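I have placed the structure first, in the form of structure tokens, so that the comments after it can refer back to it.
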Amino acid sequence: MKKQSYIRFVVLCIILAVLTFGDQISKFAASVELKGKDKRIVWKGFLSFEYLENRGAAWGVLSGRIIFLTLLTIFFTLILFVIIIKIEKAIIRTNDKIKLFSIIQFLLVLLAAGALGNLVDRLRFGYVVDFIQFEFMDFPIFNIADCYVTVSALLLVVILLFFIKEEDIGKIKG
């Protein structure tokens, strides 16, 4: 791995750690400030904070299937790291589309941080701490890690649909 590539990889790992830690801090604060208490209105009719222990995946799907969700998350995160490394190798090999590939790498790190943030909760507590609630619509309570996953997944879909060509995928595959 070239020095510049190594530095970029280390930076991505630091970003992953900072994002995951930030998610964990927000969940700790939610636990301390909200657990066992009434919902806290942040913006009436728009946003509130309410403590919830989610024992499943998004929207409580697969509730109680902690081992399955844990293994699935570990597998999914490993695949993300493999893709991040393959993209790095494509950048080194082709020296092409560096900005676009770097954005994709960052979004994959953001996705991994969301997965890891919720994985840490599942491993520590057997549930995921959720606390953010939109008041203006019927939407499940969520957390910062869920935001990472949602935003990165949406942006990746946009990039894959509108900015990546089949030949770019071939470059990543090697």
Side-chain angles (χ1 to χ4, degrees), residues 9-88 102-161:
F9 187 76
V10 168
V11 168
L12 289 172
C13 289
I14 291 169
I15 291 169
L16 175 70
V18 168
L19 290 171
T20 304
F21 185 68
D23 169 68
Q24 289 298 299
I25 287 175
S26 72
K27 291 173 181 173
F28 174 76
S31 296
V32 169
E33 294 295 321
L34 302 170
K35 189 173 184 175
K37 299 176 184 170
D38 290 336
K39 126 173 36 176
R40 193 169 287 166
I41 304 294
V42 176
W43 183 354
K44 187 175 173 119
F46 185 75
L47 180 69
S48 65
F49 293 149
E50 182 175 3
Y51 181 85
L52 175 74
E53 295 174 359
N54 182 351
R55 299 182 188 282
W59 292 278
V61 174
L62 299 172
S63 186
R65 306 284 310 266
I66 299 299
I67 293 172
F68 174 74
L69 291 170
T70 298
L71 293 174
L72 185 66
T73 303
I74 291 168
F75 176 74
F76 175 71
T77 305
L78 289 173
I79 288 178
L80 290 176
F81 276 106
V82 167
I83 295 169
I84 289 167
I85 291 167
K86 283 186 172 269
I87 291 172
E88 192 61 37
S102 294
I103 291 169
I104 293 170
Q105 281 181 311
F106 172 76
L107 292 173
L108 293 172
V109 165
L110 188 62
L111 191 58
L116 289 174
N118 286 337
L119 176 65
V120 169
D121 278 14
R122 282 193 191 96
L123 292 174
R124 287 180 63 204
F125 310 120
Y127 56 84
V128 174
V129 174
D130 288 334
F131 61 94
I132 303 168
Q133 183 176 30
F134 286 129
E135 296 283 322
F136 64 92
M137 65 176 153
D138 185 24
F139 195 79
I141 299 174
F142 58 98
N143 60 47
I144 301 296
D146 298 336
C147 294
Y148 296 163
V149 170
T150 303
V151 169
S152 61
L154 288 172
L155 291 174
L156 283 167
V157 166
V158 169
I159 287 171
L160 289 172
L161 288 175

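Here the structure is a predicted model, which is why all the values come from computation and not from measurement.
Residues meeting the side-chain contact (heavy atoms from CB on, under 4.5 Å) test with Thr150, sequence neighbours left out: Leu154. Partners of Val18 under the side-chain contact (heavy atoms from CB on, under 4.5 Å) rule, at least two apart in sequence or in another chain, are Ile14. By the ring pair (Phe, Tyr, Trp, His ring centres under 6.0 Å) test, Tyr127 pairs with Phe125, sequence neighbours left out. Contacts of Tyr148 classified as ring pair (Phe, Tyr, Trp, His ring centres under 6.0 Å), with partners at least two apart in sequence or in another chain: none. Qualifying ring pair (Phe, Tyr, Trp, His ring centres under 6.0 Å) partners for Phe75, counting only residues two or more places apart in sequence or in other chains: none. Residues satisfying the side-chain hydrogen bond (donor to acceptor under 3.5 Å, both in side chains) test with Lys86, not counting sequence neighbours, are none. The side-chain contact (heavy atoms from CB on, under 4.5 Å) test applied to Val120 returns Gln24, Arg124, not counting sequence neighbours. Partners of Phe76 under the ring pair (Phe, Tyr, Trp, His ring centres under 6.0 Å) rule, at least two apart in sequence or in another chain, do not exist in this structure.
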Distance-only criterion, 3.5 Å: show the donor-acceptor pairs between side-chain atoms of residues 66-74 and protein atoms not counting sequence neighbours.
from  : atom 1 : to    : atom 2 : distance (Å)
Thr70 : OG1    : Ile66 : O      : 2.7
Thr73 : OG1    : Leu69 : O      : 2.7

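For Ala113 against Leu19, the heavy-atom pair with the smallest separation is CB-CB, 3.6 Å. A pairwise comparison of heavy atoms in Cys147 and Phe142 identifies SG-CE1, 3.5 Å as the closest pair. The nearest pair of heavy atoms linking Val129 to Ala30 is CG1-CB, 4.5 Å.
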Item to complete: Quick one: do Phe81 and Leu12 satisfy side chain to side chain contact (heavy atoms under 4.5 Å, CB included)? Show the steps, please.
Response: CA-CA 11 Å; Phe81 276 106; Leu12 289 172; over 6 Å; no
Practice prompt. May I have the step-by-step check of side chain to side chain contact (heavy atoms under 4.5 Å, CB included) for Leu116 and Leu16, ending in yes or no?
Written response: CA-CA 9 Å; Leu116 289 174; Leu16 175 70; 3.9 Å; yes
Discussion item. Working note: Glu50 + Leu34, criterion side chain to side chain contact (heavy atoms under 4.5 Å, CB included); need CA distance, chi angles, decisive distance, verdict.
Written reply: CA-CA 6 Å; Glu50 182 175 3; Leu34 302 170; over 6 Å; no
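Counting only heavy atoms from C-beta outward, the side chains of Phe49 and Ile132 approach each other to under 4.5 Å.
For residues 125-152, the pairs satisfying salt bridge (Lys or Arg N to Asp or Glu O under 4.0 Å) are Lys39-Glu135, with sequence neighbours left out. Applying the salt bridge (Lys or Arg N to Asp or Glu O under 4.0 Å) rule to pairs touching residues 21-37 yields Asp23-Lys27, Lys27-Asp121, Glu33-Arg40, Lys35-Glu53, sequence neighbours excluded. Within the structure, the ring pair (Phe, Tyr, Trp, His ring centres under 6.0 Å) test picks out the following pairs touching residues 26-45 (sequence neighbours left out): Trp43-Phe46.
Of the inter-residue distances, the one linking Leu47 atom CG with Phe134 atom CZ reads 6.5 Å to the nearest 0.5 angstrom. Interatomic distance, Leu156 CG to Leu107 CG, rounded to the nearest 0.5 Å: 4.5 Å. From Ile141, atom CD1 reaches atom OH of Tyr51 across 11.5 Å, with rounding to the nearest 0.5 Å. Atom OG1 of Thr77 sits about 9.5 Å away from atom CD1 of Ile84, to the nearest 0.5 Å. The structure places CG of Leu111 at 13.0 Å from CD1 of Ile104, a figure rounded to the nearest 0.5 Å.
For the side-chain hydrogen bond (donor to acceptor under 3.5 Å, both in side chains) with Asn118, the lone residue among Asn143, Asn54, Thr20 that qualifies is Asn143. Tested against Gln105 for a side chain to side chain contact (heavy atoms under 4.5 Å, CB included), the candidates Val11, Ile83, Leu110, Ile87 yield a single pass: Ile87.
In this structure a side-chain-to-backbone donor-acceptor pair under 3.5 Å is missing from Arg65 to Arg55.
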